[in-house]
Amino acid sequence: MVIHLLMVRPSMSGKGIASSLIKFATELAQKNSCRALRLDTGSQNIPALSLYQKNGFEIIASASKKVGDVIAHKNHLFLEKIL
């Protein structure tokens, strides 16, 4: 299963909302017999990377890519949590 986009309103950050969403996604993936949960983020997004690693994700790959074929991302990170 893939988490495509995870966002929390900045004024609500630090309240555990993102971790709760990740927990929900993990439980949903397990109920659907998924073997892994995956997501990605830019390497410059330190808060997101820290959150994902705190919730059991590991970096499995990195690559350069363009978002919308316009915005260049160097060292875009791909993460996985084995269920």
I would like to know whether Ile59 and Gln53 meet side chain to side chain contact (heavy atoms under 4.5 Å, CB included); could you show each step before the answer? CA-CA 8 Å; Ile59 298 168; Gln53 290 176 320; 3.8 Å; yes
Identify all side-chain donor-acceptor contacts of residues 33-40 below 3.5 Å with residues at least two apart in sequence or on another chain.
from, atom 1, to, atom 2, distance (Å)
Arg38, NE, Glu80, OE2, 2.6
Arg38, NH2, Glu80, OE2, 2.7
Asp40, OD2, His76, NE2, 2.5

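- Linking Ile, Leu, Val, Met, Phe, Trp and Tyr whenever their side-chain heavy atoms come within less than 4.5 Å leaves Phe24 and Met7 in two separate clusters.
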Passes side chain to side chain contact (heavy atoms under 4.5 Å, CB included), Leu51 versus Ser19? Steps please. CA-CA 7 Å; Leu51 169 75; Ser19 290; 3.4 Å; yes
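- Scanning all heavy atoms of the two residues, the minimum distance from Ser43 to Leu77 falls at CA-CD1, 3.8 Å.
- Under the 4.5 Å side-chain contact rule for hydrophobic residues, Leu79 and Ile82 do not share a cluster.
- Leu21 and Val2 fall into different hydrophobic clusters, where Ile, Leu, Val, Met, Phe, Trp and Tyr are joined by side-chain heavy atoms under 4.5 Å apart, directly or via other members.
- Glu27 CD to Asn32 CG: the interatomic distance, rounded to the nearest 0.5 Å, is 12.0 Å.
- Linking Ile, Leu, Val, Met, Phe, Trp and Tyr whenever their side-chain heavy atoms come within less than 4.5 Å puts Ile3 and Met12 in one cluster.
- Listed by chain and residue number, nothing satisfies the side chain to side chain donor-acceptor pair (under 3.5 Å) test with Asn45 (two or more places apart in sequence, or in another chain).
- Put simply, the side chain of Ser13 gets close to the backbone of Pro10: a donor and an acceptor are under 3.5 Å apart.
- Put simply, the side chain of Lys81 never gets that close to the backbone of Glu58: no donor and acceptor are under 3.5 Å apart.
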>> Run the side chain to side chain contact (heavy atoms under 4.5 Å, CB included) test on Thr41 and Phe78 for me, step by step, so that the C-alpha distance in whole Å, both residues' side-chain angles and the decisive distance to 0.1 Å come before the verdict.
In response: CA-CA 7 Å; Thr41 190; Phe78 299 87; over 6 Å; no
query = Where do Lys15 and Ser20 land on the side chain to side chain contact (heavy atoms under 4.5 Å, CB included) test, with the steps shown first?
reply = CA-CA 10 Å; Lys15 299 179 189 268; Ser20 292; over 6 Å; no
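- Under the side-chain contact (heavy atoms from CB on, under 4.5 Å) criterion, Ile46 pairs with no residue, sequence neighbours left out.
- Linking Ile, Leu, Val, Met, Phe, Trp and Tyr whenever their side-chain heavy atoms come within less than 4.5 Å puts Ile17 and Phe57 in one cluster.
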